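Chain naming here is simple, since letters A, B, ... match the order of the sequence lines and numbering starts at 1 in each. Remember, predicted model here, so these are calculated numbers, not experimental data.
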2 protein chains.
Amino acid sequence: MLDEVYMSRALELAKRGRFTTSPNPNVGCVIVKNNHIIGEGWHQRAGEDHAEINALKKITVNKQAEGATVYVTLEPCSHFGKVPPCCNALINAGIKRVVAAMTDPNPRVNGRGFHLLKQAGIEVKQGLMINQAKMLNRGFIKRMKTGLPFIRLKLAMSIDGRTAMQTGESKWITSVTSRRDVQVMRAESSALLSSGMTIQTDNPSLTVRWKELDEENKKFLSESTLRQPTRIIIDSKNLVTPEHHIINQPGETWLIRHIFDNNKWHNKVKQIIAPLKDGKIDITSLINILGNLEINDILVEAGAKLSGSFIKAHAVDEIIIYIAPKILGTTARGLCELNHLTELKDAFKFKFTDMSQLGKDIRLTLLPDND
Amino acid sequence: MLDEVYMSRALELAKRGRFTTSPNPNVGCVIVKNNHIIGEGWHQRAGEDHAEINALKKITVNKQAEGATVYVTLEPCSHFGKVPPCCNALINAGIKRVVAAMTDPNPRVNGRGFHLLKQAGIEVKQGLMINQAKMLNRGFIKRMKTGLPFIRLKLAMSIDGRTAMQTGESKWITSVTSRRDVQVMRAESSALLSSGMTIQTDNPSLTVRWKELDEENKKFLSESTLRQPTRIIIDSKNLVTPEHHIINQPGETWLIRHIFDNNKWHNKVKQIIAPLKDGKIDITSLINILGNLEINDILVEAGAKLSGSFIKAHAVDEIIIYIAPKILGTTARGLCELNHLTELKDAFKFKFTDMSQLGKDIRLTLLPDND
C-alpha cells in the first residue's frame with residue numbers, strides 16, 4: 001500500500017516534465033527513508049539531470065540516503081548518455097531498495113539498469129503501477145520499440161461531422177474551452193503536423209500560446225522555457241514560403257518536400273525530402289523519417305485530406321475529437337476524405353476509450369480497434 | 001426524508017406504464033400508514049383505472065386507508081373522464097394527507113384536484129421530486145400545455161457523421177446494443193415518424209420487436225399487450241402502397257398526404273391530409289394535427305432530408321444520437337440536409353445533456369439551446 005502511495009507521487013512528479021523532456025521520457029523519483037520522503041525530483045529537459053539525480057540532490061545531510069528506498073517511474077539508466085548512469089549514483093548513495101514502475105524500453109538500457117542494481121546488492125521491485133507509467137511516455141516507448149513516433153489525430157467538428165461551412169468559414173465551431181484543451185495537447189507534443197495547403201489557406205501560427213495554458217499546467221514552466229513543438233508541414237507542392245506566419249514563430253519548422261526550393265530560409269527551418277506515393281508524400285515513409293529524427297509524439301492538426309491520408313495509412317495511434325453541439329448540414333465540409341472506401345466492411349474501426357464534457361462541447365478519445 | 005423514499009417508489013411504479021398509457025400520462029401511487037406501505041399501484045392503460053384506484057384496491061382490510069398518506073406522481077384527477085374522479089375515491093377512503101409530485105397540466109384538472117382534496121380537509125403537499133415526475137411525462141405535459149407532441153429525433157451515424165455508404169449500404173453502422181436501445185425508445189413512443197421515401201427504399205416494419213426488449217423492460221408487459229406505436233409516414237408523393245411491410249404490422253399506420261390515393265386500405269390505415277409548403281408537407285402544420293389526434297410522443301426515424309426538415313422547422317425537442325466508432329469518409333452519406341445554411345452563425349444549436357457508452361457505441365442526448 002505504501003509503495004503505491006510513493007509511486008503515485010513519483011508519477012505526479014514525472015508529469016511535470018511532460019511539456020519539456022522530449023526526446024527523453026518523463027520520469028519522476030521519490031526517495032523514502034523511515035517512511036519519510038527525504039528527496040524527490042523529476043526529469044526536466046534532455047541534457048539535464050535525470051529524475052534520480054534531482055531527487056538525490058535534495059538530500060543535504062551526508063549519507064542520509066543510506067538504506068533508503070527509491071521509487072522511480074522508469075528503470076534507472078545504466079549507460080553514459082548526455083549524463084552519467086543513474087544506477088551508479090544510486091549505488092554510491094547506499095540505496096537499499098529500488099521500486100520501478102517499468103523497464104526502460106531504450107535498447108541501451110532495457111533491463112541492464114535493474115541488473116546493475118541487483119549486482120550491487122540492491123533489492124529491485126518492478127512493474128508497480130506500470131500502466132500509469134506507460135501512459136506518461138507513450139511516444140517515447142513507441143519510438144524505442146518500433147522506431148516510429150506516437151501519432152495523435154486531433155479533429156474538431158459539429159455533431160454531424162462537419163468542420164467548416166461550404167465557404168470555408170470555421171471560426172469557431174468548437175468552444176473556447178475545447179481550444180484551450182488543444183493548447184495543452186500541443187504543449188505535450190514534440191511536433192505538430194499539418195499540410196502546406198492549410199498553411200496557404202489559413203496561415204496559422206501553430207504554436208503553444210502561453211496565455212491559453214491554464215494555471216495548473218503553467219506551474220512548473222515559465223513562458224521563456226516553454227518548448228514550442230516542431231512544426232512539421234507536409235508540403236509536396238512547396239506552397240510554404242518564408243512569409244508564412246509559422247516561419248517566424250519560436251521553435252523549428254520542418255517542411256516535408258519532394259524537392260528543395262530556392263528560397264533563402266532561416267536556420268530554424270529545415271527542408272526534409274521524403275518519397276512520394278501516388279503523387280503525395282508517402283505517410284509511412286515520412287513517419288519512419290520522423291522517428292529517426294527523435295520525434296516521440298506528433299499531433300496531427302490538418303484538414304480532411306491529410307487526416308484521411310493518416311487514417312488510410314493506419315498511422316494514427318489515437319484520435320481526439322471535439323464535438324460542438326451544432327448541426328451544419330450536408331453542404332458543410334466533411335471530416336476525413338477516404339475516397340477509396342465503398343463498402344461498410346472496409347470502414348476504419350476504432351474504439352472509444354474516454355469521453356468528457358468540455359464547456360459546451362464534448363471530447364471523445366478513440367484508439368484503433370485491431371480486434 | 002421518508003416522503004422522498006415513498007415518492008421514489010411511486011415514480012418507479014409510474015415508469016411501469018411507460019410503454020402503455022398514452023395518450024394518458026404515466027402515474028404511480030403509494031399509500032402509507034404507520035410507516036408501512038399498505039397499497040401501491042400504477043396507471044396501465046387509457047380507459048382503465050388510475051394509479052390511485054389501483055393502489056386503493058390493494059387494501060383489503062375495511063377502513064385501513066383511514067388516516068393514511070397517499071404519494072402520487074401527478075395531481076389526482078377531479079373530473080369525470082373515462083373513469084370517475086380519483087379525488088372522490090381518496091376522500092371516501094378517509095385519506096389524511098396527499099403528497100403529489102406535480103400539478104396535472106390537463107386544463108380540466110390543473111389544480112382543481114388539489115382544491116377538492118383541501119376542501120375535504122385533506123392536507124396537500126405538492127412539488128416533491130417534481131423534475132423526476134416531469135421527465136416521466138414530457139409528451140403528455142407538452143401536449144397539454146401547447147397542443148403539440150414532444151418530438152425526439154433519433155440519429156445513428158459513424159464518428160464522422162455518416163449514415164450510409166455512397167451506395168446506400170447502412171446495415172449496420174451501429175451495434176446490436178444501440179439497436180436494442182432504439183427498440184426501447186420506440187416502445188416508449190406513441191408514434192414513430194418516417195418518410196414515404198424511406199418506406200419505398202428500405203421497406204422496414206417500424207415496429208417494436210418483443211424479442212429485442214430486455215427482460216427488465218418486459219417485466220410489466222406481455223407480448224400480446226405490447227402497444228405498437230402508430231406509424232406516421234410523411235408521404236406527399238403517395239409512395240406507400242398496400243404491399244409495404246408497415247401496412248401489415250400490428251398497430252395503426254397513418255399516411256400523411258397532400259391528396260388521397262385510390263387504393264383500398266385496411267382499416268388500420270388512415271390517410272391524413274396535411275398542407276404543403278414549398279412542395280413538401282408542412283412540418284409545423286403536421287405536428288399541430290398530430291397533437292390534436294392525441295399523440296404525446298413522436299420518435300422521428302428518418303433520412304437526412306426529413307431529419308433536416310424537422311430541425312429546420314425547430315420542431316425537435318430532443319435528439320438522441322448513436323455514434324459507432326467507425327470512420328466512413330466524405331463520400332459516404334451525411335446526417336441532415338440543411339441546404340439553406342451558409343453561415344456558421346445560423347447553425348442549429350443544441351446542448352449536450354447526457355452521454356453514455358452502449359456496447360461499442362456511444363449515445364448522446366441533446367436538447368435545443370435557446371439561450
Kindly give the heavy-atom pair with the smallest separation between A:I159 and B:I321, and that separation in Å. CG2-CD1, 2.9 Å
Can you tell me which of A:H340, A:E343, A:Q166, A:M157 forms the most heavy-atom pairs within a distance under 4.5 Å of chain B? A:E343
How about B:M197: does its CE atom have over 12 heavy atoms from other parts shown lying under 6.0 Å from it? no
Measuring from atom NZ of A:K345 to atom CD of B:E169, what distance do you get when rounded to the nearest 0.5 angstrom? 8.5 Å
Return the option, out of B:P325, B:S307, B:S158, with the maximum number of heavy-atom pairs under 4.5 Å with chain A. B:P325
Against chain A, work out which of B:D346, B:I323, B:L155 has the most heavy-atom pairs shorter than 4.5 Å and name it. B:I323
Please check if atom NZ in B:K349 has more than 12 non-hydrogen atoms from other residues, nucleotides or ligands closer than 6.0 Å. yes
Greatest number of non-hydrogen atom pairs under 4.5 angstrom with chain A, of B:T331, B:L344, B:I362, B:L341, falls to B:L344
For A:K171, is it the side chain, the backbone, both or neither that has a heavy atom under 4.5 Å from a heavy atom of chain B? backbone
Is B:K360 in contact with chain A via its backbone, its side chain, both, or neither, using a 4.5 Å heavy-atom distance? both
Considering only heavy atoms, which portion of B:D361 lies under 4.5 Å from any heavy atom of chain A: side chain, backbone, both, or neither? backbone
Report which part of A:L366 has an atom under 4.5 Å of a heavy atom belonging to chain B: side chain, backbone, both, or neither. side chain
Just give me the residue among B:T163, B:D160, B:T167, B:D369 that pairs up with chain A most often, heavy atom to heavy atom, under 4.5 Å. B:D160
Quick one: pull up CZ in B:R333 and OG1 in A:T330 and give me the separation to the nearest 0.5 Å. 12.0 Å
Let me know if A:L364 has heavy atoms under 4.5 Å from chain B in its side chain, its backbone, both or neither. side chain
Side chain / backbone / both / neither for A:R162 at chain B, heavy atoms under 4.5 Å: side chain
Looking only at heavy atoms and a cut-off of under 4.5 Å, which of A:A332, A:G308, A:S356, A:A164 has the most pairs with chain B? A:S356
Toward chain B, the part of A:M355 with a non-hydrogen atom under 4.5 Å: both
Please flag which part of B:E337 lies under 4.5 Å from any non-hydrogen atom of chain A: side chain, backbone, both or neither. both
What part of B:A324 gets closer than 4.5 Å to chain A, counting heavy atoms only: side chain, backbone, both or neither? backbone
Below 4.5 Å from any heavy atom of chain B, which atoms of A:I173 appear? Answer side chain, backbone, both or neither. both
State, to 0.1 Å, how close B:L328 and A:L338 come at their nearest heavy-atom pair, and which atoms those are. C-CD1, 4.1 Å
At a heavy-atom distance under 4.5 Å, which candidate from B:L335, B:I327, B:I311 has the highest pair count against chain A? B:I327
Structural part of A:S170 lying under 4.5 Å from a heavy atom of chain B: backbone
